[in-house]
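Data block below; observations after.
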Amino acid sequence: MTAAAPRRALPRRALLAAPLVLAACQAAPGPTGGGRDVARIERYLNDTHGLTAHVVQTWPNGTVGAGTLFYEPGHLRLDYDTPHPMRLVAAGGHVVFRDAAQQSVTRMNLSRQPLGLLLTTPVHLAGAVTVTAIQHGADVLQVSLARTDNPSQGLLTLGFSDFAGQLSLVAIDILDARRNRTRLHLTDVGTGRIFPPDFFSLSARL
């Protein structure tokens with residue numbers, strides 16, 4: 001998933017508050033494989049409901065924005081406050097990105113986007129999905145995923161904090177088929193929010 005990046009950037013100091021999970025894992029890689037870790041990640045993604053988090057996102061061109069991320073198994077929504085109001089909703093195999101400043105709407109099929117690997121229901125990290133790497137750092141866990149039948153479509157890497165056996169999603173790294181990389185860092189992660197029935201509607205406007 002690489003929607004058109006906005007033109008104005010959030011100050012770089014905003015990134016200092018974001019956890020450097022992906023870098024930490026890369027600095028201290030663990031063995032690949034790890035069936036127990038894969039099972040833990042599957043349970044987390046399938047059983048976590050009403051997730052909300054503050055998000056700082058870096059687009060492939062270096063532009064930075066911030067807002068709020070919402071997750072329910074099979075559904076994702078991003079409401080951006082900066083650099084200007086935007087909304088991304090992913091559900092039902094599709095993603096819609098609305099940019100108020102540009103007055104544009106971008107629609108994509110998730111079946112060809114790495115983000116779609118996160119939004120199948122239930123999430124099953126085998127068969128159609130290949131786990132390409134599992135890495136460990138200090139109290140963090142990272143998994144990289146690709147489509148088994150077409151790995152060239154891109155790579156999705158998820159970073160989790162891992163304290164006392166409890167996982168929490170804190171980073172999403174999307175590398176698309178054109179090798180464009182989009183990074184999301186999550187903070188203030190909470191769960192248990194009840195979303196209205198139409199909260200993840202693809203037709204929802206800003």
Side-chain angles (χ1 to χ4, degrees), residues 1-6 9-10 14-15 18-26 41-42 44-45 48 51 53-80 83 86-99 106-121 123 125 128-135 140-161 167-187 189 200 202:
M1 176 207 67
T2 307
L10 190 71
L15 288 177
L20 301 178
V21 172
L22 299 175
C25 284
Q26 292 165 358
I41 292 168
E42 285 183 342
Y44 176 87
L45 296 175
T48 297
L51 185 149
H54 176 73
V55 63
V56 174
Q57 176 168 326
T58 304
W59 278 272
N61 68 353
T63 299
V64 179
T68 306
L69 179 146
F70 309 93
Y71 171 81
E72 186 75 14
H75 306 78
L76 184 77
R77 173 168 150 174
L78 284 160
D79 287 350
Y80 300 91
M86 297 177 289
R87 174 170 292 162
L88 180 148
V89 179
H94 296 85
V95 59
V96 174
F97 181 79
R98 299 180 184 276
D99 187 323
T106 303
R107 303 175 187 272
M108 292 176 283
N109 192 314
L110 281 173
S111 66
R112 298 186 179 183
Q113 303 293 330
L115 183 62
L117 298 169
L118 174 63
L119 299 176
T120 58
T121 50
V123 174
L125 304 183
V129 178
T130 293
V131 176
T132 63
I134 295 177
Q135 295 178 305
V140 293
L141 173 64
Q142 175 181 308
V143 61
S144 296
L145 310 170
R147 295 189 187 280
T148 302
D149 62 352
N150 196 349
S152 64
Q153 286 184 348
L155 189 71
L156 177 72
T157 299
L158 305 176
F160 300 86
S161 64
L167 295 180
S168 181
L169 180 65
V170 292
I172 302 172
D173 184 285
I174 303 167
L175 184 67
D176 70 14
R178 297 182 179 180
R179 314 307 290 175
N180 295 313
R181 186 180 300 276
T182 301
R183 298 178 183 270
L184 295 86
H185 292 284
L186 283 60
T187 55
V189 179
F200 295 99
L202 296 176

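Only this structure's heavy atoms are used, side chains among them; waters, hydrogens and symmetry mates stay out. This chain uses plain numbering: 1 for the first residue, then up along the sequence.
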Give, for atom [atom1] of [X] and atom [atom2] of [Y], the distance between the pair rounded to the nearest 0.5 Å.
X      : Y      : atom1 : atom2 : result
Arg87  : Asp99  : CZ    : CG    : 12.5 Å
Leu110 : Leu117 : CG    : CG    : 9.5 Å
Leu145 : Thr132 : CG    : OG1   : 6.5 Å
Leu156 : Thr182 : CG    : OG1   : 11.0 Å
Ile174 : Arg183 : CD1   : CZ    : 11.0 Å
Ile134 : Leu158 : CD1   : CG    : 11.5 Å

Aromatic centroids of Tyr80 and Trp59 separated by under 6.0 Å: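 They qualify: ring centres under 6.0 Å apart.
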
Any residue meeting side chain to side chain contact (heavy atoms under 4.5 Å, CB included) with Leu175, in chain and number order, not counting sequence neighbours: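 Applying side chain to side chain contact (heavy atoms under 4.5 Å, CB included) to Leu175 gives Leu155, Arg179, Arg181.
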
Side chain to side chain contact (heavy atoms under 4.5 Å, CB included) partners for Gln153, two or more places apart: Arg112, Arg147, Asn150

Thr148 side chain to Ala128 backbone, donor-acceptor under 3.5 Å: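 Side chain of Thr148 to backbone of Ala128: a pair is present.
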
Under 3.5 Å donor-acceptor, Gln142 side chain and Thr157 backbone: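 The answer is no, because no donor-acceptor pair under 3.5 Å joins these two groups.
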
Shortest non-hydrogen contact between [X] and [Y], atoms and distance:
X      : Y      : result
Pro73  : His75  : O-ND1, 3.0 Å
Leu202 : Ala91  : CD1-O, 3.9 Å
Leu125 : Val131 : O-CG2, 3.8 Å
Gly154 : Pro114 : CA-CG, 3.8 Å
Tyr71  : Leu118 : OH-O, 4.2 Å
Leu186 : Leu169 : CD2-O, 3.7 Å

Test item: [X] and [Y] side chains (from C-beta on) under 4.5 Å apart, heavy atoms:
X      : Y      : answer
Leu184 : Val56  : no
Val55  : Ile172 : no
Leu78  : Gln57  : yes
Phe70  : Val89  : no

Checking [X] now: which residues fulfil side-chain hydrogen bond (donor to acceptor under 3.5 Å, both in side chains) with it, not counting sequence neighbours?
X      : value
Asn109 : Ser111
Thr120 : none
Thr68  : none
Thr121 : none

Under the salt bridge (Lys or Arg N to Asp or Glu O under 4.0 Å) test, residues paired with Arg98 that sit two or more places apart: none

Residues that Arg77 engages under salt bridge (Lys or Arg N to Asp or Glu O under 4.0 Å), provided they are two or more places apart: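 Arg77 satisfies salt bridge (Lys or Arg N to Asp or Glu O under 4.0 Å) with Asp79 only.
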
Sequence-distant partners of His54, ring-ring contact (aromatic ring centres under 6.0 Å, His included), two or more places apart: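 ring-ring contact (aromatic ring centres under 6.0 Å, His included) check on His54 returns nothing, list empty.
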
Those residues that, when tested against Tyr44, pass ring-ring contact (aromatic ring centres under 6.0 Å, His included) (two or more places apart): Phe160

